[in-house]
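Report on the following structure.
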Amino acid sequence: MSQTGTPADAPRTAVSTAPQSPAATPGGPAAAPVPTTDGRAAAHSSSGPLSDGGLVQLLTPDGERVAHPEYDRYVAHLSDEDLRQMLRDMVLVRRFDTEATALQRQGELALFAQSLGQEAAQVGSGRALRPQDHVFPSYREHGVAHVRGLELTDLLRLFRGVDHGGWDPTSHGFHLYTLVIGSHTLHATGYAMGVQRDGAVGTGDPERDTAVIAYFGDGATAQGDVSESLVFAGVNQAPLVLFCQNNQWAISEPTTRQARVPLAARAPGFGIPAVRVDGNDVLASYAVTAQALERARTGGGPTFVEAFTYRMGAHTTSDDPTRYRAAEQEALWRRRDPIDRLRTYLVARGALPDEFVASLTAEADALGEHVRTQVRAMGRPSAASMFEHVYATPHATVEAERAWFESYESSFLDRAEGSPR
Amino acid sequence: MTTTTHAPFVREPGGVSRSHGTSSADFARVLGGTTSESSEAVTLAGATPLVPAHPAEPTGTQRLTFAKALNLGLRRALADDDKVLLMGEDIGRLGGVFRVTDGLLAEFGEDRVVDTPLAESGIVGTAIGLALRGYRPVVEIQFDGFVFPAFDQITTQLAKMHYRSRGRLSLPVVIRIPYGGAIGAIEHHSESPEVLFAHTAGLRVVSPSNPAEAYAMIQQAVASPDPVIFFEPKGRYWDKADVDLDTVTLAPHGAAPTGLDRARIARPGTDVTVVAYGPTVTTALKAADAAAAEGTSLEVIDLRSVSPLDTETIAASVRRTGRCIVVHEAPVVHGTGAEVAARITEECFYHLQAPVLRVGGFHAPYPVAKIEHDYLPGLDRLLDAVQRSLAF
C-alpha cells in the first residue's frame, strides 16, 4: 500500500496495515474488559475500540521485560541510566500534575487538564524525538512538553488565565496547546508538507531529516479535521506521526461512542500504516514512536500510532467521573500504573539505587514548590494588552478602540489619582 | 516514472526531479540556481503530459481581464518569493474553475501550485501549518458558498494564532474567495459572506473592484504578514481594463494611499457619497454617469478593504456631500453598510443632510438565478436611494 513510496534505505519493518489480532500481543493482554456504569459493557469486546488486541508491549504490567521480534532493536541502545531518566520524567510530570490540580482547587488556576496515567505514552514518545522535530500537542501533553525542555509552569499560564499560549513554540519545537479538538492535526500535516518542501526528508543527515508529530485523543478521531489530516498526510506522504492517545474517555463518552473498530484500524483505509501500542509501557511507546519517526524522516511517509492507555484522572478539574464510570475500572487501571511498571522493572534489575530515589523525591518536592511559587507570582496582564498582537501590523479599528479605551481609563486616573478602581 | 515519495527540490543524479510533474529545470529556476539541460517532463500516471512553460516576463501596460490581472499578480508573487505557494481544488492542470491560476502549474511546478484534496478545512488547516514552517500559502476556495467547511480553521485558528502566541507566530496566509452573484449560477455559487470574516478580529478582508486594483492588491495581500481574506467579484472576472504591469508593489499596510487597507475615491463628486466595494463599484460608477445626466454629482468611494474600514476617507467625503449611501451585494442586515452608517453617524453627525442609506441584498438565502437580479442592488435601486437621500 503506502509502502510503495519507501526508499530502499528506509526500514522495511512490517507494520500491519490491517486490524491486528489479539494473538499478536507477545506480552499478553494489557487489560481485561471492564464494564462501564451505563451498561455499555458489550463494547469492550475483543474487536471493538477498547480491545486490547495487538498491542505492542515490551514491559508487562508486572514490570517484566518481554522480547519483541520487531521492536527490541529500537530500545536496544537504551541504558539503565536512560530508563532512570524516563522514570524521572514521569515522576516529575506527575508531581507537576498533582500540584497544578491542587492549585486549581485553591482557586489559583481557572482549570487544569491532568495527564495522569498517560505519562508513559507521552514520555516514551517524546524521548524518541530529535531536537529538529516539531510537536503539535493537544492540551494535556505535559509529559511531552517536559521532555522538550519547556518550563513546565509556562503551561499553566493558559490555565491561570494570563495567556492564551505561554511559550515560544519555535524554541522547543513544541507548538501551542490547541483546545479545539483535532484542529492542530491539520497544522501538523501542513507543517510536515513544509518540511518536505525544505528538503529536510530523506537526506540521510540525522541532524537535518525532520519529522512532525501530532498528539490527539480518541475523541478527536471523530472530528473531520483528523480524517482530513489522514487524507492530506497520506496523499502527500508527509513526514508525520499521528499519535493518538486512546485514554478510553472523551470526557464522559467511552471510545465506543467514537468508533466501532480499534482506532488504529482506520488508518490503513487512508493508505497509512498503523500500530497499536500499550501506552502504559514507556519502552514500547518509545519503540513504536522511534520506528514511526524514522519512517517519516527517511521519506516513508506518515504513521498512525494508537497508544492504548487510561485517563486515570478526570477530564479536567471541572469534571466528575463518578457520574459515568465505575470505581472498579479506575482501580484496575491504577494497578497498571505506568510509573509503577518501570519502577518495578528497574528494581528487579537492581538498577534503582536508593540514592537515585531519594534525589528524585527531593527534586519532585522542589518542583512542587517551584510550581506553587511561580504560579502565584504570574501577576495580571495590563488591560490594554488585550489590543496587542491582534494583527502583525497596525489595524485602524484596533488602534481606534485602543485609543478610546486608554482615554477612558485615564479619565478615571485623572479623577481619583492613585486609588484602586 | 516517479516514486510517490514527496521530496521537492531534491534532485537526483541525472537531473530529473524526484517530485513528479515538473522538470528539474523548473526547480532549478525556482531556486535561482543553475538550470539543468534536461527538460524531460515527468508525468503522473493517467494524466496528460505537463509541458513546462517559460513565458516571457509580462511587462508594460496591457488590456487585461480581471481574471488575467489576478493571474499575473499571482505569477509575480510566485516569481518574487519562492516561499509563496498556491493551494486549492483544480487550480493546477485545470488552472482553476475560473482559470485564475491558468499556466502557473506548468511554470512553477506541483510543489508551488498544489492541487489539493477536496476538503476546505484541510486546505486551510494545512496552509496554516505551511505558514508556521515559513511558507506563504495563497489558498483558493472554489466558490463563496464552499468556504464554510473551513470556517472554523479560518476564524478560530488562522485569525487567532498571532494573538495567542503574543506575536511570536505570524500566519501570512491569503484566502482567495470568488464571491457575489449575477452569473446565473445554481445555489451556493453567488453568495457574499464577507462580513462573517470582517467580524472576526485577526483577519483582514479586502476586495478589489477592477483589473488594475486586482493586480496590485493580490500582491499586497501576499506580502501582508497578516491573514487576508481576498474576495474576488466573480461577476467581474471578464471585465477588461488597462493594467500597468510594471507598477511597483507597495507596502501592504501603512499610511500610504495605495495601502491595502485604504479606500480610494473612484470618482469625485459633490452631492452624494456612494460607498461601494468589489462588484458594486462598477454599479456605482454607472449610477454616477446616470445621475450626472440629470444634474446630480455622485462621489464614488471604492472601499477596497472591509476590515479595516477606512472611516477617515468616507467621513471626509460625507463632510463635503452631507449624504451617504452604501451599496453591496451582501444582505444589508448586520452588514458593511450598517457599520459604515454607524461610524458616519458618530464621526460627522452634524454634516449629515439625510440618514445614511443602505442598498443591498435581502434577509433571505440567495435566490434562484432567474430572479437574482431582483435581489441584487442594481442601477435602478441605487438611483432610487440617491433620490430618497436627496429628497430627505
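All chains are named by letter (A, B, ...) in the order of the sequence lines, taking the proteins before the strands, and each is independently numbered beginning at 1.
Smallest separation of non-hydrogen atoms from Thr116(B) and Phe232(A): CB-CE2, 4.2 Å. Nearest heavy-atom pair across Tyr391(A) and Arg204(B) is CE2-CG, 3.8 Å. Contact record, Ser307(B) with His395(A): OG-NE2, 3.0 Å, taken as the closest heavy-atom pair.
His134(A) has its side chain out of reach of Arg133(B): every pair of non-hydrogen atoms, C-beta onward, lies at least 4.5 Å apart. Under the 4.5 Å side-chain criterion, counting only non-hydrogen atoms from C-beta, Arg168(B) is in contact with Pro169(A). Here the side chains of Thr397(A) and Arg343(B) are in contact, with some heavy-atom distance below 4.5 Å. Side chains of Lys160(B) and His164(A) form no contact here, defined as non-hydrogen atoms less than 4.5 Å apart.
Interface remark: Ser170(B) contributes side-chain atoms only to the contact with chain A (heavy atom separation under 4.5 Å). Heavy atoms closer than 4.5 Å to chain A are found in the side chain of Thr156(B), but not in its backbone. Using a 4.5 Å cut-off between heavy atoms, His162(B) touches chain A through backbone and side chain atoms alike. Residue contact with chain A, scored on non-hydrogen atoms closer than 4.5 Å, is absent for Thr311(B). The contact between Ala396(A) and chain B is made by backbone and side chain atoms together, counting heavy-atom distances below 4.5 Å. Interface residue Asp225(A): only side-chain heavy atoms are found under 4.5 Å from chain B. Residue contact with chain B, scored on non-hydrogen atoms closer than 4.5 Å, involves the backbone and the side chain of Val195(A) alike. Both the backbone and the side chain of Arg166(B) come within contact range of chain A, each with at least one heavy atom under 4.5 Å from a heavy atom of that chain. When heavy atoms are compared at a cutoff of 4.5 Å, Asp310(B) does not approach chain A at all.
Put simply, of Leu130(B), Asp261(B), Leu169(B), Leu85(B), the one with the most heavy-atom pairs under 4.5 Å next to chain A is Leu130(B). Contact tally against chain B (heavy-atom pairs below 4.5 Å) for Asp168(A), Leu158(A), Thr189(A): the top residue is Asp168(A). With chain B as the partner, the residue from Ala188(A), Ala392(A), Gly165(A), Gly194(A) showing the most heavy-atom pairs under 4.5 Å is Ala392(A).
Listed in order of number, the residues of residues 170-181 of chain A that approach chain B to under 4.5 Å between heavy atoms are Thr170(A), His175(A), Leu176(A), Tyr177(A), Thr178(A), Val180(A).
Taking 4.0 Å as the cut-off between side-chain N and carboxylate O, Lys83(B) and Asp198(A) count as a salt-bridged pair.
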* Tyr191(A) vs Ile128(B), side chain to side chain contact (heavy atoms under 4.5 Å, CB included): CA-CA, chis, key distance, verdict -> CA-CA 8 Å; Tyr191(A) 193 95; Ile128(B) 290 169; over 6 Å; no
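A distance of 12.5 Å separates CZ in Arg197(A) from CG in Asp82(B), rounded to the nearest 0.5 Å.
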